[in-house]
Amino acid sequence: MTLRLLFAEIRSAVQKISAELGYPVVEFDVSEASKSDFGDVSCNIGFLLAKPLKKRPSEISESIAKIYRDNMTNFVSQVNVHPSGYLNFVANNSSLAKNIIKSSTSNNYGGYDLGKGTKTVVEHTSVNPNKALHIGHVRNIIIGDTVARILRKANYDVNVLNYVDDSGLQVADIIVGFLYGGFSKEPPHGQKFDHYCGDVVYVSITERYEKEKPLAEKRVLVLKELEEGKSDIAKFGDEITRQVLEEQLKTCWRLGVTYDCLNFESQIIRSSLWKTVFEKMKSMGITYLENEGKNTGCWVIKSDSEVEEDKILVRSNGIATYIAKDIPYAAWKLGILDDPFYYKQYMVQKNHQVLWQTTLENTGTKIDFTGDKVITIIDSRQSRLQKIITKIISEFKSTNKSYLHLGYESVTLSPDTAKTLNLETGGKSVQMSGRKGVYVNADYVLDILGVKTYEETKKRNPDLDEVSLVKIAEQVAVGALRYAMIKQDLDKIITFDLTESLSLEGDTGPYVQYAHARAIRILEKASKMPEFDISLDILSTVYEKNLVKTIGKFDIQVEDSAKNLSPKIIARYCYDLAVSFNSFYEHAKVLTAESPEMINSRLCLVWSFKETLAKALSLLGIDAPDRM
RNA sequence: CUCCCUGUAGCUUAAUGGAUAAAGCAAAAGCCUUCUAAGCUUUUGAUACAGGUUCGAUUCCUGUCAGGGAGGCCA
């Protein structure tokens, strides 16, 4: 039993009593009390019945409390009415502690069957393979990866996709750089290839377009070759993009992010998908050939609003626009179309998960990567386009399959950090731009974080060997970055500041990880497993009760987070757990407690805490180190 | 001009329409011969403005102001 069940029990009891009293049926809340002074659980039924019954909320709550007290159940020890009108309940401490701690020993603790096995696609990352991942991409990746982990915990059957735009303009740019711009294919002195392509080739070639006309002409040519995919240029492009992609993936793996399948845009273009979708859209009247006005000769999607312009799908020269790549892909993800792809293994990732890739060659392997629910993680600057895609998709199929754009605000650079890139912003934060070279690479951030965490760890643990130190430092660095990217609301802009990102105190990943390391240390020193099959009555201080209750909230948080696609709820939960534990740690001694019974009871609690925290952190993709 | 997002303490953030608005950072003070001080205790300090709906609004609605983003036969 967890808090969920306590709430459910109270709810049904209140419902029953309210019915017995002849009160009208209302949708009331049973939730955690906002302050422990009020009790453990609160119910607002008094407020809701005040109007229909023409009575004061406290009067109504009292009438329910009176009957409740006469039929007290196991899990509730007190029923109180607050003068404000709330109906408050105090939980029976010993049964609550015992049940929560016992539940938390289960492997799937915190799991909640919201998804009922629904096949779900989560697409994230999808960075052009012409540059290294920067801190803005990291937000996308971490949101996507965390959402996927949370949905799996809530029993969705999730496939994670990474869309590789290997035939777009940005890729064409670096190919121009290599073929016509005089750039060597070999990066200087061991620079990572993706960094080289992005920081050097891409940035300088886009700069040169303005002055060197012939280069700009080559760009158009290369783009065309990439789309057609037959020439030597296309082959060369394929080679380069795959090399960049591999380096990008290394960064993702470093962050603890894995995928199920890589979808190559070039193959979507060369497959039959677009043709099928285009015909379908024609026959359904979603798109039509414009024969008047400025869009004459284009296939357009009519806008349903007066002010918005129609969207061009196919240019008057017959070449499709980028939205024409997104629609078939979206339709494919939902499994609306026959799958033209075969799948071959790209590699086996560190967590033993196989990473597949699409191929048009008949390899005989067919796998279903589609879903009834599709979640696409793209920053909210693309909301308008995603809205159009969502609308078109909804017209394709009248089933309850759903396409969802999960948007988030961008990451900007703080004035100070911009200054380190020789950019004077006049005290304002600045949008990142790959083209202009205004960004901070993810690897770089992880590296400097790693140096800092290495020093800290070494200082605190002089006895640890080099391998362990490096491992812990990397775990903490990743934890710090992932936590920073996920802890705030999706629609808040993150202003990234290099100096601030090195902070390891307070509301940060390392703070949470540290609580885990402390708990592990206690359990190690106790040198024996606690005995769980005992009464836990003596866990009666406010610190112990708070910790127990927080542990008992796990599945509620998972449900909330999955239902609202809000990963920060889990970050907040991890933080709450750590705060409760640290407070307990400072105020209640475990190994030197007054009696063997107390030592054992507290050990149970510590064990339960570290199990729960590790599971919650794993939903954030953050490792829980044993030492720090 | 139109549409979208955001406005909470000096800074970064939290709060299914509920009770005395919660944290972290920064600043000030204290706590390590006792399970790791990446920690814990104190102190100072906030809902942009004006209306509305409600028993009750940081939350919902309208307007104003401020900041950011989007509106290409670019992606």
Side-chain angles (χ1 to χ4, degrees), chain A residues 29 31 33-35 37-38 42 44 46-48 50-51 56-57 82-86 88 128 165 168-170 294-300 305-309 311-323 325-326 379-385 387 407-410 412 428-429 431 453 456-457 459-461 476 480 484 487-495 497 500 503-515 517-526 560 563-564 568 572 575-576 578-579 581-583 585-593 599 602-603 606 627-628:
Chain A
D29 275 337
S31 56
S34 60
K35 276 179 85 170
D37 297 358
F38 300 137
S42 290
N44 67 346
F47 297 106
L48 302 168
K51 198 165 193 183
R56 283 203 312 275
H82 190 270
S84 64
Y86 271 103
N88 291 326
N128 285 312
D165 179 2
L169 213 51
Q170 296 202 12
K294 59 175 183 170
N295 293 338
T296 304
C298 299
W299 286 88
V300 300
S305 110
E306 297 281 315
V307 281
E308 258 176 66
E309 304 239 336
K311 198 83 211 157
I312 289 165
L313 188 66
V314 178
R315 301 177 179 100
S316 53
N317 64 5
I319 297 175
T321 61
Y322 72 96
I323 197 173
K325 297 171 184 171
D326 280 352
D379 85 73
S380 50
R381 281 176 294 197
Q382 299 215 30
S383 309
R384 202 176 222 116
L385 310 159
K387 219 169 122 191
Y408 62 92
E409 274 294 342
S410 50
T412 63
K428 286 188 174 176
S429 7
Q431 287 280 338
T453 52
E456 286 290 321
T457 313
K459 200 166 73 193
R460 290 154 205 277
N461 302 278
V476 177
K487 75 168 178 175
Q488 58 277 78
D489 211 82
L490 295 181
D491 46 25
K492 282 218 160 93
I493 295 170
I494 294 181
T495 305
D497 185 88
E500 211 173 287
S503 156
L504 310 174
E505 289 163 22
D507 186 6
T508 65
Y511 171 90
V512 179
Q513 291 173 307
Y514 183 62
R518 282 179 136 184
I520 289 288
R521 198 55 166 202
I522 294 176
L523 294 164
E524 269 175 17
K525 292 210 168 165
D560 197 5
K563 202 177 263 173
N564 299 307
K568 72 156 186 218
R572 189 115 210 121
Y575 182 66
D576 286 345
V579 168
F581 176 76
N582 276 331
S583 176
Y585 184 94
E586 297 288 339
H587 295 100
K589 294 294 164 205
V590 178
L591 300 177
T592 53
I599 293 176
R602 286 186 177 156
L603 279 174
V606 172
R627 296 199 45 185
M628 276 177 71

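Each chain gets a letter, A, B and so on, in the order its sequence line appears, and its residues count up from 1. These numbers come from a predicted model, not from an experiment. Hydrogens, waters and symmetry mates are skipped; everything else that's a heavy atom, side chains included, is used.
Residue A:D489 is classed as a sugar-phosphate contact, given heavy-atom separations below 4.0 Å to backbone atoms only. Residue A:D497 is out of contact with every strand shown, counting any heavy-atom pair closer than 4.0 Å. Counting any heavy atom pair closer than 4.0 Å across all strands shown, A:S316 reaches a base atom. Residue contacts for A:L169: at a heavy-atom cut-off of 4.0 Å it reaches the sugar-phosphate backbone alone, with no base atom in range. As judged by a 4.0 angstrom heavy-atom cut-off over every strand, A:K568 is placed among residues touching the sugar-phosphate backbone only. A:V606 comes within 4.0 angstrom of no nucleic acid atom, judged by non-hydrogen atoms across all strands.
As rounded to whole Å, 5 Å separates atom P of B:U41 from atom NE2 of A:H587. If you measure from atom CD of A:E505 to atom C1' of B:U12, you get 15 Å, rounded to the nearest angstrom. At whole-Å resolution of the value, NZ in A:K492 and P in B:U12 are 11 Å apart. Atom CZ in A:F38 sits roughly 10 Å away from atom C1' in B:G18 (whole-Å rounding). The nearest whole Å value for the distance from the CD atom in A:E456 to the C1' atom in B:G39 is 13 Å.
Contact check for A:L504 versus A:Y511: no side-chain heavy atoms found under the 4.5 Å cut-off. Considering only heavy atoms from C-beta on, A:R315 comes within 4.5 Å of A:T321 through its side chain. Between A:K568 and A:K492 there is no side-chain heavy-atom pair separated by less than 4.5 Å. Using a 4.5 Å heavy-atom threshold, the side chains of A:K311 and A:L385 count as touching.
Put simply, A:R572 has no side-chain N or O that comes within less than 4.0 Å of OP1 or OP2 on B:G24. Dashed line: the shortest gap from a side-chain N or O of A:R602 to OP1 or OP2 of B:C35 is not under 4.0 Å.
Judged by the 6.0 Å and 45° rule, A:R518 forms no cation-pi pair with A:F581.
Between A:H82 and A:F38, the ring planes lie perpendicular to each other; the angle is over 60°, past the 30° to 60° tilted range.
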- For RNA chain B, just give me the dot-bracket, please: Watson-Crick or G-U, both distances below 3.5 Å, ( ) intra-strand, [ ] crossing earlier pairs, | paired with another strand, . unpaired. (((((((..((((....[...)))).(((((.......)))))....(((((..]....))))))))))))....

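Between A:G297 and A:K525, the residue whose closest nucleotide on RNA chain B is further toward the 5' end is A:K525.
Comparing B:G71 with B:U8, their C1' atoms sit 31 Å apart, to the nearest whole Å.
Aromatic stacking of A:Y86 on B:A19: satisfied, with centres closer than 5.5 Å and planes within an angle under 30 degrees.
Glycosidic conformation of B:C31: anti, with the torsion beyond 90° of 0.
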Considering only nitrogen or oxygen atoms on both sides, find all protein atoms under 3.5 Å from nucleotides 55-60 of chain B and state each distance.
{"from": "B:C55", "atom 1": "OP1", "to": "A:K51", "atom 2": "NZ", "distance (Å)": "3.1"}

- Task: Give the B/S/- string for nucleotides 66-72 of chain B, one per nucleotide from 5' to 3', where a protein heavy atom under 4.0 Å of the base yields B, of only the sugar-phosphate yields S, and otherwise -.
- Result: --SSBS-

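With salt bridges taken as basic N to acidic carboxylate O contacts below 4.0 Å, none links A:E524 and A:R627.
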